[in-house]
Amino acid sequence: QVQLVESGGGLVQAGGSLRLSCAASGRTFSRYAMGWFRQTPGKEREFVAAITWSGGGNTYYADSVKGRFTISRDNARNTVYLQMNSLKPEDTAVYYCAAQPLSRFGDYDLQALYDYWGQGTQVTVSS
């Protein structure tokens with residue numbers, strides 16, 4: 001069992017930056033690939049970014065955030081981060097982190113493959 005708690009959301013002006021954190025419980029954090037997803041009212045939740053293992057693991061990004069967002073993880077702290085730069089109003093959403101076992105890592109953007117989810121943190125970007 002893995003419990004995930006996101007933090008770091010808030011209100012920021014367009015062009016600004018935020019860093020989201022997702023703290024995981026348990027001692028098996030390193031066995032999971034981690035992903036970030038986001039959802040706005042009336043829309044389906046969408047993939048943002050994913051990372052396999054730390055220290056040279058693969059990272060994946062949605063085209064809409066590539067070059068602006070960076071995902072990273074610190075296994076010693078059981079934490080995954082999402083650094084968001086050059087934020088746009090269309091980045092406004094509830095952001096969720098999720099965990100997928102590395103042992104069966106498959107499609108990084110397929111939500112059904114992620115076993116655990118956090119409660120989400122709101123990011124609002126004003127124009």
Side-chain angles (χ1 to χ4, degrees):
Q1 186 84 9
V2 176
Q3 292 185 324
L4 305 173
V5 179
E6 302 96 335
S7 61
L11 174 64
V12 64
Q13 287 189 332
S17 298
L18 280 175
R19 188 176 81 155
L20 304 183
S21 299
C22 174
S25 65
R27 295 179 290 179
T28 59
F29 178 70
S30 61
R31 300 179 187 176
Y32 289 85
M34 300 299 296
W36 285 97
F37 293 78
R38 65 187 182 186
Q39 187 172 25
T40 55
K43 293 187 177 181
E44 292 187 357
R45 189 160 53 187
E46 64 176 8
F47 168 76
V48 176
I51 186 168
T52 51
W53 53 88
S54 62
N58 293 332
T59 56
Y60 309 88
Y61 298 94
D63 288 342
S64 59
V65 307
K66 203 170 292 183
R68 299 187 298 122
F69 290 11
T70 302
I71 188 171
S72 62
R73 65 188 294 167
D74 183 342
N75 285 352
R77 298 179 184 271
N78 278 14
T79 302
V80 62
Y81 304 98
L82 185 68
Q83 177 66 44
M84 305 185 295
N85 298 328
S86 302
L87 282 161
K88 304 175 181 180
E90 51 264 43
D91 294 318
T92 295
V94 177
Y95 283 72
Y96 299 89
C97 70
Q100 176 182 164
L102 279 170
S103 60
R104 54 173 172 84
F105 184 70
D107 294 333
Y108 53 85
D109 58 350
L110 187 59
Q111 297 180 47
L113 296 182
Y114 287 82
D115 289 349
Y116 303 102
W117 292 81
Q119 83 291 346
T121 186
Q122 176 71 47
V123 171
T124 303
V125 184
S126 63
S127 57

OG of S126 to CD of Q13: how many Å apart, nearest 0.5 Å? 5.0 Å
Do Y61 and F69 have ring centroids that are under 6.0 Å from one another? no
Decide whether L82 and V12 are clustered together by the hydrophobic rule: side chain heavy atoms of Ile, Leu, Val, Met, Phe, Trp, Tyr closer than 4.5 Å, transitively. yes
Got a second to check how far R73's CZ is from T59's OG1, nearest 0.5 Å? 12.0 Å
Looking at N58, is its backbone amide N or carbonyl O close enough to the side chain of T52 to form a donor-acceptor pair, meaning the two atoms are under 3.5 Å apart? yes
Please lay out, stage by stage, how T92 and T40 fare under the test side chain to side chain contact (heavy atoms under 4.5 Å, CB included). CA-CA 7 Å; T92 295; T40 55; 5.5 Å; no
Would you check if Y108 and Q100 make a side-chain contact, meaning some heavy-atom pair closer than 4.5 Å? no
Distance in Å, R19 CZ paired with T70 OG1, rounded so as to fall on 0.5 Å steps: 11.5 Å
Looking only at heavy atoms, the pair that brings G8 and L18 closest together is O-CD2, 3.8 Å
Does one hydrophobic cluster hold both V123 and Y81, with members joined at side-chain heavy-atom distances below 4.5 Å? no
Taking it one step at a time, do Y116 and Q1 satisfy side chain to side chain contact (heavy atoms under 4.5 Å, CB included)? CA-CA 8 Å; Y116 303 102; Q1 186 84 9; 4.1 Å; yes
According to a hydrophobic-cluster definition based on side-chain heavy atoms being under 4.5 Å apart (Ile, Leu, Val, Met, Phe, Trp, Tyr only), do M84 and I71 belong together? yes
With the 4.5 Å side-chain cut-off for hydrophobic clustering, are V65 and L20 part of the same group? yes
L4 and C22: which non-hydrogen atoms are nearest, and at how many Å? CB-SG, 3.8 Å
Can you confirm if the aromatic rings of Y114 and F37 lie within a centre distance of less than 6.0 Å? yes
Distance from E90 atom CD to S127 atom OG, nearest 0.5 Å? 10.0 Å
Run the side chain to side chain contact (heavy atoms under 4.5 Å, CB included) test on T79 and F29 for me, step by step, so that the C-alpha distance in whole Å, both residues' side-chain angles and the decisive distance to 0.1 Å come before the verdict. CA-CA 8 Å; T79 302; F29 178 70; 5.6 Å; no
Least distance between heavy atoms, S30 atom then N75 atom: CB-ND2, 3.5 Å
Measure across S17 and N85 and return the closest heavy-atom pair with its distance rounded to 0.1 Å. OG-OD1, 2.9 Å
For G120 against E6, the heavy-atom pair lying closest together: N-OE1, 2.9 Å
Donor-acceptor pair, side chain of D107 and main chain of D109, under 3.5 angstrom: no
Heavy-atom nearest pair, R68 first then S86, reads NH1-O, 2.9 Å
More than 12 heavy atoms from other groups under 6.0 Å of CD on Q3: no
Hey, are K88 and D91 close enough for a salt bridge, meaning a charged N less than 4.0 Å from a carboxylate O? no
Between V94 and F47, is there shared hydrophobic-cluster membership here, with clusters defined by ILVMFWY side-chain heavy atoms closer than 4.5 Å? yes
Kindly indicate whether the side chain of R104, heavy atoms from C-beta on, has any atom under 4.5 Å from the side chain of D115. yes
Side chain to side chain contact (heavy atoms under 4.5 Å, CB included) between S103 and R31: does it pass, once the steps are laid out? CA-CA 7 Å; S103 60; R31 300 179 187 176; over 6 Å; no
Flag yes if more than 12 heavy atoms outside K43 fall under 6.0 Å of its NZ atom; otherwise flag no. no
If we check side chain to side chain contact (heavy atoms under 4.5 Å, CB included) with Y96, which of these qualifies: Q119, R38, R45, Q111? R45
